[in-house]
Amino acid sequence: MGKPLKEVYNEQTDLRDKMFIFSLFGSIAMVLICAVNMIISGNSLWTVIFNVASALLLLMLFKLAFAKGKKGFARTFFIYFINLAVMTYLFYINGGVNSGMSIYLVAGLLIIVLSEYGVKRYVALIICSIFDVVSIIISYNYMGDQAKENDRPVLVPDMDSFSEVLDTAVSLIIVGLCMGSILILLFNAYDKEKKYNEELMNTLADMAITDELTGVSNRRNMFNILERYDGLFDSDNRFIAMVDIDDFKKINDDYGHLLGDEVLRRFGKVLKAQSEDSEVELVARYGGQEFVLLFDADSREQAVARIENIRQQLKGIRIEKYPNLNLTASAGLVLCKKHTNLTMLLKNADDCLYEAKKMGKDRIMSSFQ
């Protein structure tokens, strides 16, 4: 048993392959509808057999393309078979230029645009357009009474006025329904692909600004935000903190880098939770085990309390396999307003962090104490 058509369609990642499927089954629908119309109109049995056989051949091309992986060959054969065989045959037996079959010739060219791509598309359009023009000229010169008057064989039967109008109307309806269905499916496919591409671009954009391990902003995004921050040094209530996990190198050396990564991931969750507070404007991984927070606080005491809360949450982290592992952090906290540029601001925070390490770690040092 083969895969359902919907599953085959959903597996295609190239929109052109999806359009090929649309064109194939649109053409199958078109020739089958024509077969029914021919039966109703009293055409010869051979014309009906030709249409049904064409539909079966198109189904075989679908299998060849999407079950056997011969998409290139199947696509090219499909293009020329539809335009040089199916459309031409239907054109001649259904009244030529006197009928609505010229619409089918245009539909065949539209199928080329939908199904083929690159140089092959333009080559096919040129070849099939020339063939269609030649078919129209032949139809005009070898049609009914006109052909008899010039001692030429009759290739196209004459049609009365009512039959011409009726045939044109039916042709417009058939081609309109088939091409309309193809275009609807095409636009649906385009909308889905556009949505997928937008989601992919958003994902890539997030990846470009997010630290993969911890989920907070990465160093590059941190500098982009801070360098473009209007009024960074204007507020009496804006603080920046640099937090560093104590003895992180020893954790890596004693327990391995996998555990070190797990510690960073869990601490990253603690810091990401800070981002949900409207007063926190930036949480970023500065590098290694160092993190930066930019936030507002009504007072210096509240600023210290926020960082102390983060440190206590780190202390509360327990690794199941290493229950005796105790995690602590040191932090440097500064008021942004005391500085005139970003370099000075980060250096002051780093100096405070260094002082906290020097004083024995597991503490907060600030420039306003």
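One is the number of the first residue; the rest follow in order along the sequence.
Salt-bridge check for R266 with E320: passed, with a basic side-chain N closer than 4.0 Å to an acidic carboxylate O. Using a 4.0 Å cut-off between charged side-chain N and carboxylate O, K347 and D351 make a salt bridge. The residues R219 and D211 are annotated as not salt-bridged, no charged nitrogen and carboxylate oxygen being separated by less than 4.0 angstrom. With respect to the salt-bridge test (charged N to carboxylate O, under 4.0 angstrom), the residues D246 and K361 do not qualify. Using a 4.0 Å cut-off between charged side-chain N and carboxylate O, E198 and K195 make no salt bridge.
A continuous path of hydrophobic side-chain contacts links F50 to V52 [ILVMFWY only; heavy atoms under 4.5 Å]. Linking ILVMFWY residues whenever their side-chain heavy atoms come closer than 4.5 Å, directly or via other members, leaves L226 and I209 in distinct clusters. Taken together through direct or relayed side-chain contacts under 4.5 Å among Ile, Leu, Val, Met, Phe, Trp and Tyr, Y196 and Y9 form parts of separate hydrophobic clusters. Note: the hydrophobic cluster containing L258 does not contain F248 (ILVMFWY, side chain heavy atoms under 4.5 Å, direct or indirect links). Residue M359 is not grouped with residue V243 when hydrophobic side chains (ILVMFWY) are merged at heavy-atom distances under 4.5 angstrom, including chains of intermediate members.
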Between R121 and I126, is the side chain to side chain contact (heavy atoms under 4.5 Å, CB included) condition met? List the steps.
CA-CA 9 Å; R121 172 189 289 166; I126 292 171; over 6 Å; no
Before giving the answer on salt bridge (charged side-chain N to carboxylate O under 4.0 Å, His left out), spell out for K249 and D253 the whole-Å C-alpha distance, their side-chain angles and the decisive distance to 0.1 Å.
CA-CA 6 Å; K249 183 178 183 302; D253 292 342; 2.9 Å; yes
Side chain to side chain contact (heavy atoms under 4.5 Å, CB included) assessment of K357 paired with M365:
CA-CA 9 Å; K357 296 283 188 180; M365 294 297 294; over 6 Å; no
Does Q313 form a side-chain hydrogen bond (donor to acceptor under 3.5 Å, both in side chains) with N309? I'd like the steps, not just the answer.
CA-CA 6 Å; Q313 289 188 64; N309 177 263; 2.7 Å; yes
Could you give me the CA-CA distance, side-chain angles and deciding distance for D362 and K315, then say whether side chain to side chain contact (heavy atoms under 4.5 Å, CB included) is met?
CA-CA 10 Å; D362 192 20; K315 287 185 177 183; 3.1 Å; yes
Verdict with reasoning, L259 to L325, per side chain to side chain contact (heavy atoms under 4.5 Å, CB included)
CA-CA 11 Å; L259 179 64; L325 176 63; 3.9 Å; yes
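Annotation for G260 and N252: closest pair CA-OD1, 3.3 Å, computed over non-hydrogen atoms. Heavy atoms only, all atoms of each residue included: S235 and R238 are closest at CB-NH1, 3.5 Å. Here the shortest heavy-atom pairing between L264 and G288 reads CD2-O, 4.1 Å. In terms of heavy-atom proximity, G108 sits nearest to N83 at C-OD1, 3.1 Å. Minimum interatomic distance between I240 and A349 (heavy atoms only, all atoms of both residues): CG2-CB, 4.5 Å. Of all the heavy atoms in V283 and V280, the pair that sits closest is CG2-CG1, 3.6 Å.
Taking SG from C128 and CD1 from I79, the interatomic distance works out to 7.5 Å, rounded to the nearest 0.5 Å. Distance check, rounded to the nearest 0.5 Å: OG of S27 to CZ of F22 gives 13.0 Å. In this structure, CG on L314 lies 8.5 Å from CG on L271, to the nearest 0.5 angstrom. For the atom pair CG of N218 and CE of M207, the computed distance is 11.0 Å after rounding to the nearest 0.5 Å. The distance from the CZ atom of F267 to the CD atom of Q289 is 10.5 Å, given to the nearest 0.5 Å. One finds the CD1 atom of I317 at 7.0 Å from the CD1 atom of I319 (value rounded to the nearest 0.5 Å).
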Would you be so kind as to tabulate the donor-acceptor pairs closer than 3.5 Å made by side chains of residues 56-74, with sequence neighbours excluded?
from, atom 1, to, atom 2, distance (Å)
K71, NZ, Q12, OE1, 2.9
K71, NZ, D17, OD2, 3.2

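Between the side chain of R311 and the main chain of I307, no donor-acceptor pair closer than 3.5 Å is present. Between the side chain of D350 and the main chain of M242, no donor-acceptor pair closer than 3.5 Å is present. Under a 3.5 Å cut-off, the side chain of N237 and the backbone N or O of D296 do not form any donor-acceptor pair.
Inter-residue side-chain proximity for Y229 and L282 is flagged as unmet; no heavy-atom pair is nearer than 4.5 Å. Under the 4.5 Å side-chain criterion, counting only non-hydrogen atoms from C-beta, R265 is in contact with L213. Taking 4.5 Å as the limit, every side-chain heavy atom of M222 sits out of range of all side-chain heavy atoms of R285. Using a 4.5 Å heavy-atom cutoff, the side chains of N51 and V36 are not in contact. Considering only heavy atoms from C-beta on, T210 stays 4.5 Å or farther from V216 through its side chain. Residues N326 and R318 are in side-chain contact: their nearest non-hydrogen atoms beyond the backbone lie under 4.5 Å apart. Within the 4.5 Å cutoff, the side chain of L109 has no heavy atoms near those of the V113 side chain. M87 places none of its side-chain heavy atoms less than 4.5 Å from the side chain of D132.
Side-chain atoms of S330 and D244 form no donor-acceptor pair, as typed in the model, at a separation below 3.5 Å.
Within 6.0 Å of the OH atom in Y322, the count of heavy atoms belonging to other residues, nucleotides or ligands exceeds 12. The number of heavy atoms from other shown groups lying within 6.0 Å of OH (Y354) does not exceed 12. Other residues, nucleotides and ligands contribute at most 12 non-hydrogen atoms within 6.0 Å of the CD atom of E212. For R220, the CZ atom counts as loosely surrounded, since its 6.0 Å shell holds 12 or fewer non-hydrogen atoms of other residues, nucleotides or ligands. Heavy atoms of other residues, nucleotides or ligands lying less than 6.0 angstrom from OH of Y80 number more than 12.
Judged by the 6.0 Å distance and 45° axis criteria, R300 is not positioned over the aromatic ring of F239.
Note on ring orientation: taking the six-membered ring where Trp is involved, the planes of F223 and Y286 are tilted (angle from 30° to 60°).
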